Each structure stands twice: as C-alpha cells, then as structure tokens.
Amino acid sequence: MTFESGTKTIIEKFHAITGIEERRYAEDHLNASDLAFAASKEAISAANIDKNTLDYIIVAHNFGEVSKGTIQSDMLPSLASRVKNKLGILNANCVAYDLIFGCPGWVQGIIQAESFIKSGLAKKVLVVGTETLSRVVDPHDRDSMIYADGAGATMIEETSDEGGILSHKTVSYTSEGEAEFIFYGPANDKGAGTQYIKMFGRKVYEFALSKVPLAIQSCLEAS
C-alpha cells in the first residue's frame, strides 16, 4: 500500500505516538515457546529457586507456535507444557497452562498468580509472555508496525514481606462492536488468501484513550 507521507515521516510520527524505536524479530529456527523457555530459564536463575518446586507455569500468548515460512498456528501441546518440558521439570504437580488474553495477557497472568498464592493454592508461580507476531502480520499494513517478537518471564513467590499488587482493574470490550476492532483479514495488497492479524488502529487508540485512564483512576483510588 502506498501512503502520501514518506517512510521517514511515518516512522517519526509512529515513534512520537508510541515511543517504539525498533522492532526485534526472532531467528528463523526459534518459535514462541523457545523464546519463552529462554526467558523462563533466566527468571528461575535470577530467583535462585529449584525449578521442580514450581506450582504453576502460566504462559500468555495469542497465536501459539508459528514456524518461520508457515501460515499455520500450532497450540498442541500448550506452549506452557512445552516450556515445562524444555525446562526439564519432573514435578507432575506443576500445572502448566496457556492464557489467551490479548495484549495484557502477561498482566492477567500476574493477577492469576497472585490469586493462587493468596488463596493458598500455590507458593511459586512462573508467569511468561511470549509471541512471534512478525510471522502473522501483513507487511503492507501500517498498523502492523506496532508488532514484533519477544518474551519475558517473572517469578511470583509467597512472602511474608509487605507489598504485592495493591489493586488492579481490568477493562474489557463491550457489545458495541469493540470486540471486532482486532481481527483476521487478507493482506492489503491482495483480495483474498492468507489471513493476517489486522486492526482498526484508530478505533483501538480511541478505546484506550477513553477506557484506560478511567481504569487507572479506579486502580489508584482502590490502592
């Protein structure tokens, strides 16, 4: 697709709005679970714990494994199960599951991990966010500039110290068509064929501006 503004101008405006300076892409032989595994190893090492004492592994993502050069997502077994296997965890009581929750998936994973710990169901939870979005975006779509590849992992543990999540607030789509702001669609330079992640960028932006500040206000008041 051709735009009236030049590439340099588009990049400068994009940076000014989002703060994003660059995107990182996974190496061709690495998939989302590989990135998640690498991040998990570092998190476990930094926390200095025995990996076999983990009660839960929560992996947040949206598209599963998308191998380079393919157009099919693979979610069986779950990415969390793959991470557990790659880590070599032998504890059968360590529950590994995936969380499909859009962009705030990792945050929601943290909320669930804290809930498990506060309820006494767990003492140690590994929360991971991972994605290889470069393999599901339309290169002819300007909105896809916001997507890239990466993973991050965090250890959440029971403690007697003060702190933790003071409050949280989750705002979801309503029935007013907002659930369709992000969807699958054909490439901008083709009428049909492979489907890519697409979004109505301005509508998502407007939703964030109208809903997120109120959620933050609610969070601050509760804390």
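Being a predicted model, the structure only gives us computed values, none of them experimental.
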Atom NE2 in His15, atom CD1 in Ile17: separation rounded to 0.5 Å? 11.5 Å
If you count every heavy atom of other residues, nucleotides or ligands that lies below 6.0 Å from Asn48 atom CG, does the total exceed 12? no
Would you check, one step at a time, whether the test side chain to side chain donor-acceptor pair (under 3.5 Å) holds for Asp149 with Thr132? CA-CA 4 Å; Asp149 305 340; Thr132 51; 5.2 Å; no
Same hydrophobic cluster for Leu133 and Leu30, using side-chain heavy-atom links shorter than 4.5 Å among ILVMFWY? no
What's the shortest heavy-atom distance between Ala60 and Gly105, and which atoms? CB-C, 3.4 Å
Heavy-atom closest pair, residues Leu126 and Ala153: CD1-CB, 4.2 Å
Give me the atom names and distance for the closest heavy-atom approach of Ile58 to Ala113. CD1-N, 4.3 Å
Minimum side-chain heavy-atom gap Tyr205-Met199 below 4.5 Å: no
Drop me the distance from Ile11's CD1 to Lys13's NZ, to the nearest 0.5 angstrom. 13.0 Å
CD of Gln217 to SG of Cys219: how many Å apart, nearest 0.5 Å? 11.0 Å
In this structure, would Ile111 and Val127 fall into the same cluster of hydrophobic residues linked by side-chain contacts under 4.5 Å? yes
With side chain to side chain contact (heavy atoms under 4.5 Å, CB included) as the test, would you mind laying out the steps for Ile110 and Ile156 before giving the verdict? CA-CA 8 Å; Ile110 295 292; Ile156 308 296; 3.6 Å; yes
Are Phe37 and Val128 linked, directly or through other ILVMFWY residues, by side chains that come within less than 4.5 angstrom of each other? yes
Output yes when a side-chain donor or acceptor of Ser119 lies under 3.5 Å from a complementary backbone atom of Ser115, and no otherwise. yes
Inter-residue atom distance Asn62.CG - Cys103.SG, 0.5 Å rounding: 7.0 Å
Trace of the side chain to side chain donor-acceptor pair (under 3.5 Å) decision for Ser81 with Ser78: CA-CA 5 Å; Ser81 295; Ser78 69; 2.8 Å; yes
Co-membership, hydrophobic cluster, residues Val59 and Phe63, 4.5 Å side-chain: no
Answer yes or no: is there an ion pair linking Glu158 with Lys118, defined by an N-O contact shorter than 4.0 Å? no
Could you verify whether a donor N or O on one side chain and an acceptor N or O on the other, from Glu65 and Ser33, lie under 3.5 Å apart? yes
Who are the side chain to side chain donor-acceptor pair (under 3.5 Å) partners of Glu12, not counting sequence neighbours? Lys8
Over all heavy atoms of both residues, which pair between Gly64 and Ala32 is shortest? Give the atoms and the distance, please. O-CB, 3.7 Å
Applying the 4.5 Å side-chain criterion to the ILVMFWY set and letting contacts propagate, would Met155 and Ile117 be lumped into a single cluster? no
One pair to check against side chain to side chain contact (heavy atoms under 4.5 Å, CB included): Lys203 and Phe181. What are the steps and the verdict? CA-CA 7 Å; Lys203 288 187 177 295; Phe181 286 176; 3.6 Å; yes
For the pair Thr130 (side chain) and Leu35 (backbone), establish whether a donor and an acceptor sit closer than 3.5 Å, ignoring hydrogens and angles. no
I'd like to know whether Phe207 forms a side chain to side chain contact (heavy atoms under 4.5 Å, CB included) with Arg202, so could you lay out the CA-CA distance, the side-chain angles of the two residues, the decisive distance to 0.1 Å, and finally the verdict. CA-CA 8 Å; Phe207 176 88; Arg202 177 158 292 280; over 6 Å; no
For Arg135, give me all partners under side chain to side chain donor-acceptor pair (under 3.5 Å), at least two apart in sequence or on another chain. Asn31
For the student: nearest non-hydrogen atoms of Ala222 and Ser167, plus distance: CB-CB, 3.7 Å
Verify, without hydrogens or angle tests, whether Ser45 (side chain) and Lys41 (backbone) share a donor-acceptor contact under 3.5 angstrom. no
Just wondering, do Trp106 and Thr154 contact through their side chains at under 4.5 Å, heavy atoms? yes
Worked verdict on Arg23 versus Tyr25 for side chain to side chain contact (heavy atoms under 4.5 Å, CB included): CA-CA 7 Å; Arg23 291 183 291 176; Tyr25 293 155; 3.3 Å; yes
Passing candidate, side chain to side chain contact (heavy atoms under 4.5 Å, CB included) with Thr53, options Lys123, Glu157, Lys124: Lys124
Between Asp74 (side chain) and Leu76 (backbone), is there a donor-acceptor pair under 3.5 Å? yes
Euclidean distance, Glu221 CD relative to Lys169 NZ, rounded to 0.5 Å: 10.5 Å
List, one per line, each side-chain donor-acceptor pair under 3.5 Å for residues 86-102, sequence neighbours excluded.
| residue | atom | partner | partner atom | Å |
| --- | --- | --- | --- | --- |
| Lys86 | NZ | Asp34 | OD1 | 3.0 |
| Asn91 | OD1 | Asn93 | N | 2.9 |
| Asn91 | ND2 | Asn52 | O | 3.1 |
| Asn91 | ND2 | Leu54 | O | 3.4 |
| Tyr97 | OH | Gln112 | OE1 | 2.5 |
| Asp98 | OD1 | Leu79 | N | 3.2 |
| Asp98 | OD1 | Ala80 | N | 2.8 |
| Asp98 | OD2 | His61 | NE2 | 2.8 |
| Asp98 | OD2 | Leu79 | N | 2.9 |

